[in-house]
Amino acid sequence: MSETNTQAAADKPVAGLPIRITAESLMREMTQLGEKIARGSQRLANYSEEQLAIATTPKDEVWRQDMVRLYRYRPTVDEPARVPVLLAYALVGRYQMIDLEPERSFVRKLLAEGFDVYVVDWGVPARAQRWLTIDDYVSGYLDDCVDFIRERHGVEQINLLGVCQGGVFATCYAALFPEKLKSLVLTVTPIDFHGDQGHEEAGAGYMNLWARSMTPEDIDLMVDTMGTASGALVGFSFLMMAPMSNLTKYTAELVDILDDEAKMLGFLHMERWIADRPGHPGEVMRQWFKDLYQANKLVRSELVLGGRKVRLDRIRMPVLNVYATGDVIVPTSCSRGMEGKFGTDDYSELSVPGGHIGTFVGGKAQKILAPSIAKWLRERNQ
Amino acid sequence: MPSDKDGDQDATQASEALYVWWLNLLPNLLGGLLPKATMPSVAPAGEASATAPFPVGQASQALALTQQLLEPLFQSYMKALTLNPEPDQAFGALQSSVQDQLQKLSHGLAGIGKTLALAMPDGASAGAWNLMGVQPMAMFGQALKPLSTNLERAYGGLADAFGLAPSRDLLGAARDAANAAMAKQQAQAEYLGYVVNALAKGSEGLMSRLKTMGDNGESVDSLLGLVRLWARTSEEALHAALQSPPALQASARLVRAGTQSRRQQQRIVALASEALNVPTRAEVDDAYREIQELKREVRRLRKAIGAPLASTSPAAASNGASASPAAAEVIDRTPPTAAKPSRQRTPAAKRKTTSKAIAS
């Protein structure tokens with residue numbers, strides 16, 4: 001903490017606890033805090049929509065179906081790589097995370113590396129979409145997007161990059177349609193949903209534990225009652241993973257960054273992304289909790305989608321598996337060490353510092369992620 | 001079917017409501033801990049906030065709330081310093097007051113849980129009702145139960161003969177909803193008990209952390225620093241407590257009870273809808289299911305005949321809510337290359353290289 005100082009033993013308070021808050025320092029702190037908040041409020045009032053906009057990398061909508069959109073980012077090099085990259089984000093958040101700010105944009109970095117980049121936007125499912133299953137996303141929307149890109153570029157195969165839940169979709173896709181993929185990149189993706197068992201760590205994998213604490217009948221009751229889970233509920237489940245941090249974020253932590261323009265904007269951009277939580281189709285949720293969190297069917301190649309078994313040994317294209325060392329949403333024990341689970345002989349792992357979201361926006365991770373993926377893809381796309 | 005824009009707006013509005021709820025937790029939580037402090041609540045966004053780009057209004061509210069929250073904390077600390085001039089003793093006094101509050105809260109919650117358990121299903125304690133703020137409907141349902149049972153026995157068949165079955169069903173559903181609401185309150189009290197105990201543990205953890213800091217020659221020089229340290233130790237305690245098997249079971253019971261309560265409410269609405277000849281939730285969902293199955297069938301057929309990936313459908317494009325996969329639309333037809341891929345399978349060639357880790 002910034003207010004703690006290492007002092008010589010002689011300077012320590014006389015009695016038990018090292019609290020140095022005196023009446024004078026308290027008065028001073030209160031006055032300074034008031035001034036700081038006034039300055040911060042003034043700064044906030046001056047922000048424009050343009051300054052707060054996220055996901056500003058130029059892109060064009062090239063295909064749409066139902067609430068799903070496919071965007072192509074405008075290449076920033078004259079001759080982009082021949083094999084395009086399709087990004088698939090999770091359903092629990094919006095794809096804008098991969099392009100949060102110009103300086104913290106995974107997409108911009110991939111474009112700068114010379115790739116032709118597409119992203120699928122799953123949209124905002126309404127009540128009518130409650131019956132959508134994982135297979136509808138994988139064999140339906142995702143397959144159509146892949147086919148569209150293949151036809152558009154005149155290539156047999158493309159590169160598919162999945163993020164978290166989108167990584168699970170990408171894995172299923174790679175197992176069901178291996179002939180259409182040149183390579184598979186997974187980022188912060190749970191494959192072994194029981195990987196955390198025996199590696200329990202306070203603060204990590206709460207969702208795994210919570211999902212397993214319920215019975216399959218509980219899940220059925222929940223899905224049947226809710227239909228499509230609201231975005232607010234999805235957001236709440238993430239808040240509860242770190243309740244105190246999420247409370248102090250709007251108080252003590254917010255006060256800390258008031259005088260730092262870049263951090264303040266970063267905070268507001270992130271909040272804008274966090275607030276934009278789409279709902280979650282009930283049937284996907286049912287499969288996600290029962291088949292994956294509870295029965296761990298993916299890593300065992302027992303997951304069945306649309307009547308077909310998702311066999312990981314069919315994934316024979318090169319696989320790059322990226323995990324975050326400080327990921328508490330998808331514990332690393334659920335995502336790393338998947339060598340031998342897939343059919344490929346070309347399996348690589350990349351660890352990046354930071355947490356789940358930090359993978360895409362963290363300062364250190366940013367320096368590693370896109371350049372490493374680009375290098376890996378180039379080596380395999382020749 | 002709402003357009004994409006509407007959907008986006010709905011999602012944002014729902015999230016904004018979540019923000020206000022979450023921010024209101026602060027005064028509710030801290031209000032129970034601080035002695036004699038008048039705690040604020042989040043004011044609704046004013047005109048300026050309404051016109052400011054999201055989330056400027058919410059951040060401004062959070063700042064105002066922070067100031068309002070810290071003032072009573074400063075005052076309490078100042079008062080403690082007046083009574084105990086040594087900073088560590090002043091902190092000790094404040095800390096022990098917080099611990100007392102937590103203990104009272106914990107005992108209170110345990111008591112409420114027991115009272116509610118006793119109250120179900122045959123009786124109810126007025127004290128517990130008031131404390132937990134249970135909806136009047138729940139009390140009403142309980143009070144009516146003996147009466148409705150007797151009426152049912154005596155006149156049930158007669159009422160059915162006169163076409164009054166729906167109202168009798170409605171009454172029964174209201175009673176079930178009341179019981180479910182009470183079970184939910186009990187589950188909430190039980191879960192909150194774990195949270196409060198964890199906060200008390202966090203408070204103890206703070207003392208232990210401070211002692212370690214003292215041993216290392218470190219000190220806390222500001223109240224905000226102290227708040228951050230408290231938040232960290234509380235978070236650790238919450239993680240440890242809420243990930244424990246008993247707390248996870250309590251959480252599962254809470255979800256179960258909450259869902260069953262919601263289900264009972266839906267049943268009441270369904271009965272009323274049926275009586276008024278309005279489509280029920282289940283009927284609408286059945287229709288959606290049928291549409292979804294038809295969409296799948298269209299997709300299967302389209303792929304089976306190798307139909308073009310997309311066909312233009314201006315109507316679907318305009319509202320962004322096309323009803324079937326056949327209505328997929330190509331927005332940009334400009335192909336970067338002219339060549340077409342074959343639709344034949346091309347199994348990926350196996351590489352000889354083995355698994356490797358990329359240095360990070």
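Convention: sequence-line order gives letters A, B, ...; per-chain numbering from 1.
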Testing the basics here: between [X] and [Y], what is the closest heavy-atom pair and its distance to 0.1 Å?
X: B:M78; Y: A:L26; answer: N-CD2, 3.7 Å
X: A:Y206; Y: B:S251; answer: OH-OG, 4.2 Å
X: B:Y288; Y: A:A128; answer: CE2-CB, 3.4 Å
X: B:A252; Y: A:S213; answer: CB-O, 3.6 Å
X: A:L17; Y: B:M207; answer: CD1-CE, 3.6 Å
X: A:L254; Y: B:A59; answer: CD2-O, 3.9 Å

Going through the checks in order, is the side chain to side chain contact (heavy atoms under 4.5 Å, CB included) test met by A:M226 and B:T259? CA-CA 8 Å; A:M226 280 194 300; B:T259 313; over 6 Å; no

With respect to chain A, which residue among [options] yields the maximal number of heavy-atom pairs within a distance under 4.5 Å?
options: B:R289, B:R263, B:H239; result: B:R289
options: B:D285, B:V284, B:L223; result: B:D285
options: B:V227, B:L238, B:L242, B:V255; result: B:V255

Quick one: what part of [X] sits under 4.5 Å from any heavy atom of chain B, side chain, backbone, both or neither?
X: A:A204; answer: backbone
X: A:T325; answer: neither
X: A:F177; answer: neither
X: A:M27; answer: both
X: A:L258; answer: side chain
X: A:R28; answer: neither
X: A:Q32; answer: neither

For the candidates [options], which exhibits the highest count of non-hydrogen atom pairs separated by less than 4.5 Å from chain B?
options: A:L70, A:V322, A:T215, A:L132; value: A:L132
options: A:G203, A:S48, A:G227; value: A:G203
options: A:A23, A:G340, A:S41; value: A:A23
options: A:S25, A:A45, A:S245; value: A:S245
options: A:L268, A:D136, A:L52; value: A:D136

Using atom types as modelled and distance alone, determine if a side-chain donor or acceptor of [X] lies under 3.5 Å from a backbone N or O of [Y].
X: B:Q243; Y: A:L209; value: no
X: B:Q266; Y: A:T225; value: yes
X: A:W131; Y: B:E290; value: no

Contact between [X] and [Y] at the side-chain level, heavy atoms closer than 4.5 Å - yes or no?
X: B:L81; Y: A:T22; answer: no
X: B:R281; Y: A:R127; answer: yes
X: A:E49; Y: B:F54; answer: no
X: A:D144; Y: B:K303; answer: yes
X: A:T251; Y: B:L70; answer: no
X: B:Q67; Y: A:L33; answer: no
X: A:P243; Y: B:E235; answer: yes
X: A:I21; Y: B:F91; answer: no

At what distance, to the nearest 0.5 angstrom, does [atom1] of [X] lie from [atom2] of [Y]?
X: B:L224; Y: A:M30; atom1: CG; atom2: CE; value: 11.0 Å
X: B:L63; Y: A:L44; atom1: CG; atom2: CG; value: 6.0 Å
X: A:Q129; Y: B:I291; atom1: CD; atom2: CD1; value: 10.0 Å

State plainly whether the residues [X] and [Y] are in salt-bridge range, i.e. N to O under 4.0 Å.
X: B:R262; Y: A:D224; value: no
X: B:R228; Y: A:D256; value: yes
X: B:R296; Y: A:D135; value: no

Contacts of B:T212 meeting side-chain contact (heavy atoms from CB on, under 4.5 Å) (sequence neighbours excluded), chain-then-number -> B:N216

Answer yes if the side chains of B:Q58 and A:R272 hold a donor-acceptor pair under 3.5 Å, and no otherwise. no

B:E71, part contacting chain A, at a heavy-atom distance under 4.5 Å: both

Pair B:R299, A:Q65 - check side chain to side chain contact (heavy atoms under 4.5 Å, CB included), show working. CA-CA 12 Å; B:R299 179 175 286 128; A:Q65 190 177 100; 2.9 Å; yes

According to salt bridge (Lys or Arg N to Asp or Glu O under 4.0 Å), who are the partners of B:R256, at least two apart in sequence or on a separate chain? A:D218

